[in-house]
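Everything on this sheet refers to the single structure shown next.
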Amino acid sequence: MACLPDEAAEQYEAYKKQFPREHKPTPKESLLASSPSFEEGGTLVVKELLEKKIRRADAKILKKVIRERGEKDIPIALKGLSVSAKKKIFSALSENKAEELAEECEAMGPVRAIDLMAAFAELAAVFQKYQKENEACGSNITAPGKAW
């Protein structure tokens, strides 16, 4: 707008209103809007186990898991997790890191069910490892009043 003369600015604004831009959702918005469906079976069981661990983990544990498995399993797992689990993972990240992770998920395209199940299982194992580690130290990673 700085290059336009004052009388042209009004015409430009009127022109912009004639041709509204479509809002293209960001990769993070697209990822949060998707909710995959699974048939009965092993993938569903492992997914539910992982989501239970995500729900009950605090931000400190989430950050540790993301740091350990972020580049390998998190992008794949995000494709199959529920919206609430995705939001919880994104809440443990900075806005830039969350957008970067969502873009990575979008760029990888569809994933095989076996790869999704493997990512879920790896993440569940890492959550379990940190749970045992914290129990040995005497701290609690679960939400108040809830047990693993």
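No hydrogens, no waters, no symmetry mates; every other heavy atom, side chains included, goes into these values. The first residue of the sequence shown is numbered 1, and numbering continues consecutively from there.
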Over all atoms of both residues, closest heavy-atom pair of L116 and G80: CD1-N, 3.8 Å
Rounded distance [0.5 Å steps], CD1 in I54 versus CG in L81: 5.0 Å
I74 CD1 to R67 CZ distance, which is reported to the nearest 0.5 Å: 12.0 Å
Heavy-atom closest pair, residues A124 and L49: CB-CD2, 4.2 Å
Main-chain N/O of F120 paired to K47 side chain as donor or acceptor, under 3.5 Å: no
Exam field: side chain K53 to backbone A125, donor-acceptor pair closer than 3.5 Å: no
L50 CG to D73 CG distance, which is reported to the nearest 0.5 Å: 10.0 Å
Over 12 non-hydrogen atoms of neighbours within 6.0 angstrom of NZ in K129: yes
Side-chain touch L62/F127, heavy atoms, less than 4.5 angstrom: yes
Test item: K52 and R55 side chains (from C-beta on) under 4.5 Å apart, heavy atoms: yes
L78 to K86 - nearest heavy-atom pair and separation: O-CE, 2.8 Å
Partner of P75 by side chain to side chain contact (heavy atoms under 4.5 Å, CB included), out of E103, E106, R69, M108: M108
Closest non-hydrogen atom pair, A77 against L123: CB-CD1, 3.4 Å
Spatial distance of atom CD (E104) from atom NZ (K97) [nearest 0.5 Å]: 7.5 Å
Worked verdict on K87 versus F90 for side-chain contact (heavy atoms from CB on, under 4.5 Å): CA-CA 5 Å; K87 285 181 179 179; F90 285 141; 5.7 Å; no
side-chain contact (heavy atoms from CB on, under 4.5 Å) between E51 and E48, intermediate numbers included: CA-CA 5 Å; E51 287 186 351; E48 289 173 353; 5.6 Å; no
Under 3.5 Å donor-acceptor, K88 side chain and A57 backbone: yes
Euclidean distance, I76 CD1 relative to R112 CZ, rounded to 0.5 Å: 9.5 Å
From CD1 (I66) to CG (L93), nearest 0.5 Å: 4.0 Å
